[in-house]
Amino acid sequence: MVATGFSSFDTMVDKANRLLKEIEEVYGWPKERRKQSYAALRAVLHHLRDRLPVDEAVQFGAQLPTLLRGVYYDGWRPAHTPVKMNSEEFLRRVRADFPYAIEGDTEQLVRTVLQALERHVSEGEWNDLKARLPSSLASVIP
């Protein structure tokens with residue numbers, strides 16, 4: 001756990017680190033590769049957010065750990081959403097924003113990130129998220 005001297009900040013950092021660690025464990029990445037797990041999480045969050053209708057994007061964002069909520073909303077332009085994209089386009093955009101080599105394909109990376117996220121969001125919100133996406137894209141959501 002990181003010690004900032006302010007317990008609320010420590011908790012936020014700890015929750016974010018736990019989620020990143022869940023991604024790293026699937027790939028066998030050591031903590032020294034934390035930038036990779038962060039880049040994967042950020043790319044998936046941003047393109048998922050951009051595909052959702054504004055109201056659903058906000059509801060989903062409210063469920064994220066506080067520190068990750070900032071990552072999720074960084075650079076968001078609600079007036080330009082939702083961006084229409086099928087699963088192929090979604091995966092292409094995630095891959096373009098993830099500058100690291102990975103074992104497996106982009107779909108596996110997206111599923112890994114989403115499985116980690118699913119453990120930090122209520123079941124009801126997760127089901128709403130899946131229901132609001134087109135079926136071609138919902139197929140990559142665990």
Side-chain angles (χ1 to χ4, degrees), residues 1-54 56-78 80-142:
M1 181 165 181
V2 174
T4 65
F6 188 61
S7 65
S8 293
F9 286 176
D10 292 344
T11 300
M12 286 186 282
V13 171
D14 187 47
K15 284 181 180 181
N17 277 327
R18 276 187 281 157
L19 197 147
L20 294 171
K21 185 177 180 184
E22 290 174 26
I23 296 167
E24 292 159 3
E25 286 175 346
V26 170
Y27 282 99
W29 296 338
K31 186 177 179 181
E32 294 75 32
R33 291 175 72 179
R34 179 71 33 110
K35 287 181 182 179
Q36 284 184 224
S37 56
Y38 172 76
L41 177 63
R42 186 176 192 280
V44 171
L45 282 175
H46 281 188
H47 294 295
L48 182 62
R49 171 205 70 197
D50 290 347
R51 181 57 188 94
L52 293 169
V54 172
E56 185 58 33
V58 170
Q59 290 172 23
F60 181 74
Q63 295 265 323
L64 295 173
T66 306
L67 188 61
L68 296 179
R69 202 174 306 146
V71 173
Y72 178 72
Y73 286 117
D74 184 41
W76 190 36
R77 296 170 44 188
H80 296 220
T81 58
V83 175
K84 303 293 184 198
M85 64 181 105
N86 60 25
S87 60
E88 185 178 301
E89 177 67 10
F90 179 83
L91 295 171
R92 189 190 65 71
R93 288 174 184 233
V94 168
R95 187 65 187 130
D97 286 350
F98 183 73
Y100 300 96
I102 53 169
E103 290 182 28
D105 59 12
T106 305
E107 186 171 342
Q108 180 183 347
L109 179 71
V110 169
R111 284 184 190 278
T112 298
V113 170
L114 291 173
Q115 286 169 343
L117 280 169
E118 184 180 15
R119 291 187 279 276
H120 297 269
V121 174
S122 74
E123 182 180 350
E125 184 55 40
W126 196 257
N127 290 334
D128 286 348
L129 171 75
K130 289 168 61 171
R132 296 295 297 266
L133 292 171
S135 59
S136 69
L137 190 52
S139 66
V140 299
I141 309 271

* **Any side-chain heavy-atom pair of W76 and V58 under 4.5 Å** => yes

* Asked: Does any non-hydrogen side-chain atom of T81 lie less than 4.5 Å from one of L52?
  -> no

* Asked: Hey, are the side chains of H120 and E22 touching, using non-hydrogen atoms and a 4.5 Å cut-off?
  -> yes

* Let me see the working for R93 and D50 under salt bridge (Lys or Arg N to Asp or Glu O under 4.0 Å), right down to the final yes or no. => CA-CA 11 Å; R93 288 174 184 233; D50 290 347; over 6 Å; no

* Step by step, work out the salt bridge (Lys or Arg N to Asp or Glu O under 4.0 Å) result for E24 and K31. => CA-CA 7 Å; E24 292 159 3; K31 186 177 179 181; over 6 Å; no

* Presence of salt bridge, E107 and R111, under 4.0 angstrom -> yes

* Structure fact -> Smallest heavy-atom separation, D105 atom then I102 atom, equals O-CD1, 3.6 Å

* With a 4.5 Å limit on heavy-atom distance, are the side chains of V71 and L41 in contact? -> no

* Do the non-hydrogen side-chain atoms of L48 and L129 ever get within less than 4.5 Å of each other? -> yes

* To do: Just do the side-chain contact (heavy atoms from CB on, under 4.5 Å) check on T66 and T11 with the steps written out, would you?
  => CA-CA 9 Å; T66 306; T11 300; over 6 Å; no

* **pair K21-E25: side-chain heavy atoms closer than 4.5 Å** => yes

* Chi angles and distances behind the side-chain contact (heavy atoms from CB on, under 4.5 Å) call for R34, N17 -> CA-CA 9 Å; R34 179 71 33 110; N17 277 327; 2.7 Å; yes

* Taking the side chain as every heavy atom from C-beta outward, state whether E88 and L91 have any pair of such atoms under 4.5 Å apart. => no

* Do Y38 and I23 pass the side-chain contact (heavy atoms from CB on, under 4.5 Å) test, and can you show the C-alpha distance, the side-chain angles, and the key distance before you say yes or no? -> CA-CA 9 Å; Y38 172 76; I23 296 167; over 6 Å; no

* What distance separates L67 CG from F9 CZ, expressed to the nearest 0.5 Å? -> 10.0 Å

* Asked: So, H46 and D97: side-chain donor and acceptor under 3.5 Å apart, yes or no?
  -> no

* Check whether any side-chain heavy atom of Y73 sits under 4.5 Å from a side-chain heavy atom of L45, and report yes or no. => no

* Closest non-hydrogen atom pair between P142 and K130, with its separation -> O-NZ, 3.3 Å

